[in-house]
Participant: 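The structure under discussion is supplied below as structure tokens; questions concerning it will follow.
In what follows, every heavy atom counts, from backbone to side chain, and hydrogens, waters and symmetry copies are set aside. By convention in this document, chain letters (A, B, ...) are assigned in the order of the sequence lines, proteins followed by strands, and residues within each chain are numbered from 1.
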There are 2 protein chains.
Amino acid sequence: MRDKEATKAKLLDAALEEFSQYGIAGARVDRIAATAGCNKAMIYAYFGSKEGLFDELLKIQVDRMIQEVPITPEDLPGYAGRLFEAYLERPQLLRLVAYHRLENGFSEVPKAEAEAYKHKIEAVAQAQMEGRISAAFNATNLLDLVVHMSILAFSTPNATRELVERSVRRLIAE
Amino acid sequence: MRDKEATKAKLLDAALEEFSQYGIAGARVDRIAATAGCNKAMIYAYFGSKEGLFDELLKIQVDRMIQEVPITPEDLPGYAGRLFEAYLERPQLLRLVAYHRLENGFSEVPKAEAEAYKHKIEAVAQAQMEGRISAAFNATNLLDLVVHMSILAFSTPNATRELVERSVRRLIAE
DNA sequence: AGCTGTCAACTAACTGGTTAGTTGCTACTA
DNA sequence: TAGTAGCAACTAACCAGTTAGTTGACAGCT
């Protein structure tokens, strides 16, 4: 079967496993190709470099997460809980993002992510102005806190969705 | 100057920079030796391996942090704030721990850290039993939450000590 | 005090294996 | 048969770890 898109997809699947397990520096191009069942040269044909593969992978995964877990400004505990659950189901994404943050810092956040985050802050601010949710924190801080709670599993193996939701409920209590 | 301890100290200093910047897989032994201004073979003489060097470095750094920021069960917001501040002053430690978690999972927590954490949970539980602090969460969850809040800077560049303390105050509000 | 044997600290050069990235060729498909 | 997908084989650079040999301080002896 000679199918460009299918090959790219297999490489991206393999890359998700590899990068999330070993990080960018620790990932091995040969292993990715072997897992994908195709040749290493394909990575360079389709993604340019190891870093290019990582970047495209991260973008795809982040975009999917943004789509699958839309924000609900009037139900921030639920949003945090759903995010938390999504990270549990797809533990690779959180690891991917963590490695990316560690190696590139905050400055090089993927554009799509930064854009989506801005819109979320605005949605939260809107809900606050209309008095639908707590204004105890400004919109940026509030969203930062909610997102931070959703990655509680990064800190502790004892994290549960219920704990995350209860925490956010307390954070935004009047 | 032929001084074993001084050489070990220089290597550990260099290793802190290298490992916190590049991670374990990304760190380069030659670079550590060059930064320390001594020979690479000394790393193998004194620490056995690249991983051995990392492990000893992490242990030292964690022990220091445990000593420098003792828990105050009756003032958990303050404890979170002090931890946060300490991480800001020593950003390398948080990165070291993050890399270690990513590469080794929760299972291989350094023994000293696990032991110290147990004692902290007990101290929190004690304070709760004596009615000195909120019992809204069980002691383990509560300490997990407090520690998680102290690493808010890992999530967002907007984090401040005031924000961390205010958040913890809300989490433990009656 | 001067001489010397000993050993820990240190070094330069090397090794064997690994790794990201390349290239020239084959085979499939339209 | 023209163009594209795919691959085996290759390369140059890199990297963790080793080793054979050097240096310097100090203890013990005279």
Participant: Between A/Lys59 and A/Asp63, is there a salt bridge with N-O shorter than 4.0 Å?
Facilitator: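 The answer is yes: the pair qualifies as a salt bridge.
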
Participant: Without decimals, in angstroms, what is the distance between A/Lys50 NZ and C/dG21 P?
Facilitator: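 Between P of C/dG21 and NZ of A/Lys50: 8 Å.
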
Participant: Is the shortest side-chain N to carboxylate O distance from B/Lys111 to B/Glu115 below 4.0 Å?
Facilitator: no

Participant: Counting only distance, no hydrogens or angles, is the base of C/dA9 paired donor-acceptor with the side chain of B/Asn39 under 3.5 Å?
Facilitator: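 Per atom types, no contact qualifies.
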
Participant: Rounded to whole angstroms, how far apart are CD1 on A/Ile43 and P on D/dC7?
Facilitator: 12 Å

Participant: Tell me which one of A/Thr156, A/Asn158, A/Val164, A/Leu163 satisfies side chain to side chain contact (heavy atoms under 4.5 Å, CB included) with B/Leu145.
Facilitator: A/Leu163

Participant: Ignoring backbone atoms, establish whether A/Thr7 has a side-chain N or O less than 4.0 Å from OP1 or OP2 of D/dG6.
Facilitator: yes

Participant: Would you indicate which nucleotide in C/dA20, C/dT11, D/dC7 comes nearest to any side-chain atom of B/Ala41?
Facilitator: C/dT11

Participant: Indicate yes or no: does A/Arg82 engage A/Asp75 in a salt bridge with an N to O separation below 4.0 Å.
Facilitator: yes

Participant: Specify the separation, in whole Å, of atom OH of B/Tyr44 and atom C1' of D/dC15.
Facilitator: 8 Å

Participant: Would you say the side chain of B/Lys40 and the base of D/dG17 hold a donor-acceptor pair, judged only by whether the two atoms sit under 3.5 Å apart?
Facilitator: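 Indeed, a donor on one side and an acceptor on the other fall under 3.5 Å apart.
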
Participant: Nearest-Å distance, OH (A/Tyr22) to P (C/dT18)?
Facilitator: 14 Å

Participant: CG of B/Asp30 versus P of D/dG17: gap in Å, rounded?
Facilitator: 11 Å

Participant: Could you check whether the rings of B/Tyr99 and A/Tyr99 sit parallel, tilted or perpendicular, using 30° and 60° as the cut-offs?
Facilitator: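 Ring orientation, 0 to 90° scale: tilted.
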
Participant: Would you say a side-chain N or O of B/Arg28 is under 4.0 Å from OP1 or OP2 of D/dC14?
Facilitator: no

Participant: Quick one: is B/Ser49 getting a side-chain N or O under 4.0 Å of the D/dA16 phosphate, OP1 or OP2?
Facilitator: no

Participant: Answer with base, sugar-phosphate or nothing: what part of the nucleic acid does B/Tyr46 contact at a heavy-atom distance below 4.0 Å?
Facilitator: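 Sugar-phosphate, backbone atoms only, no base.
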
Participant: Using 30° and 60° as the class boundaries, would you call the ring planes of A/Phe19 and A/Phe54 parallel, tilted or perpendicular?
Facilitator: perpendicular

Participant: Nearest whole Å is fine: how far is C/dG21 C1' from A/Ile32 CD1?
Facilitator: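 About 13 Å, once rounded to whole Å.
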
Participant: Using whole Å, report how far NZ of B/Lys10 lies from P of C/dA9.
Facilitator: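 Atom-to-atom, B/Lys10 to C/dA9, this comes out as 14 Å.
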
Participant: What's the CZ-C1' distance between A/Phe47 and C/dA20, to the nearest Å?
Facilitator: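 After rounding, the gap between these two atoms is 16 Å.
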
Participant: Please tell me whether B/Tyr117 and B/Asp144 have a donor and an acceptor in their side chains that are separated by less than 3.5 angstrom.
Facilitator: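 There is such a pair (donor and acceptor under 3.5 Å, judged by atom type) between the side chains of B/Tyr117 and B/Asp144.
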
Participant: Could you pick out which residue, A/Gly48 or B/Lys4, lies toward the 5' side of DNA chain C when each is mapped onto its nearest nucleotide?
Facilitator: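 On the 5' side of the pair lies B/Lys4.
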
Participant: Quick check on the helix from C/dA1-D/dT30 to C/dA30-D/dT1: what's the angle between its two end axes, five base pairs per end, to the nearest 10°?
Facilitator: 10°

Participant: Mind checking B/Ala27 for me? I need base, sugar-phosphate or nothing, with any heavy atom below 4.0 Å counting as a touch.
Facilitator: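 Sugar-phosphate, no base atom in range.
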
